Asker: 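Handing you this structure, nothing more for now.
Just so it is clear, the model here is predicted, and its values are computed rather than measured.
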Amino acid sequence: MELANTLPHLNAVLNCTAAWLLVVGRMRIARGDVEAHRRAMIAALAVSALFLVSYLAYHATSPIYLFRGQGGIRYFYYALLISHVVLAALSLPLILATAWLGFQRRIPSHPRLARWSFPIWMYVSLSGVLVYLMLYQFNP
């Protein structure tokens, strides 16, 4: 299997892994384990950075894959895709600012911003997996 055909699958795995790490990080900080939270969130950042590199490499070398579904599912797909892309673009500076505040141990600024960045990052990660499933698994 050539690289261009492998990258969408890798991207879905990376998105799913990022979502899992976000949940782990959220659970750890809820229990007061700051160090485990920190490790999970750094891992989520690393996985998301790998995703971004893989995503850009794929889209720089491959044609745009058109969704073939018809009817209401087509409208759902494009609404999902548009919200995913817009929030992904907006989330990057938000995530980086949240991480920076966390690294600087800027309490209460970090958790206040994380209340916004966490659900957006989670949505982007999970909606990315759903976009993948709709393009490559449910409607190939």
Asker: Quick check: does any side chain N or O of Ser91 sit under 3.5 Å from a backbone N or O of Ala88, one acting as donor and the other as acceptor?
Answerer: yes
Asker: Mind checking what makes side chain to side chain contact (heavy atoms under 4.5 Å, CB included) contact with Val131, not counting sequence neighbours?
Answerer: Tyr77, Leu80, Leu81, Leu135
Asker: Would a 4.5 Å heavy-atom cut-off, applied to side chains only, mark Ile42 and Phe103 as touching?
Answerer: yes
Asker: Any chance you could measure Leu7, atom CG, to Asn11, atom CG, to the nearest 0.5 Å?
Answerer: 6.0 Å
Asker: Between His84 and Tyr123, is the gap from one ring center to the other below 6.0 Å?
Answerer: no
Asker: Check for a donor-acceptor pair, side chain of Ser62 on one end and backbone N or O of His59 on the other, with a separation under 3.5 Å.
Answerer: no
Asker: Nearest 0.5 angstrom please: Met41 CE to Ser48 OG, how far?
Answerer: 9.0 Å
Asker: Under the criterion side-chain contact (heavy atoms from CB on, under 4.5 Å), I'd like the reasoning laid out for Arg38 against Arg105: C-alpha separation, chi angles, the key distance, then a yes or no.
Answerer: CA-CA 11 Å; Arg38 183 177 168 276; Arg105 307 261 200 262; 3.9 Å; yes
Asker: Could you measure the distance from the CG atom of Leu50 to the CG atom of Leu10? Nearest 0.5 Å is fine.
Answerer: 8.0 Å
Asker: If we count only N and O atoms by modelled type, under 3.5 Å, do the side chains of Ser125 and Trp20 hold a donor and an acceptor together?
Answerer: no
Asker: Just wondering, more than 12 heavy atoms not from Arg74 lying within 6.0 Å of its CZ?
Answerer: yes
Asker: Judged by atom type as modelled, is there a donor-acceptor pair below 3.5 Å linking the side chain of Arg28 to the main-chain atoms of Ala36?
Answerer: no
Asker: Is a side-chain N or O of His110 found less than 3.5 angstrom from the main chain of Thr98, in a donor-acceptor match?
Answerer: yes
Asker: Working note: Phe67 + Ile73, criterion side-chain contact (heavy atoms from CB on, under 4.5 Å); need CA distance, chi angles, decisive distance, verdict.
Answerer: CA-CA 10 Å; Phe67 183 69; Ile73 194 72; 4.2 Å; yes
Asker: Hydrophobic clusters join Ile, Leu, Val, Met, Phe, Trp and Tyr when side-chain heavy atoms are under 4.5 Å apart, directly or via other members; which others share one with Trp100?
Answerer: none
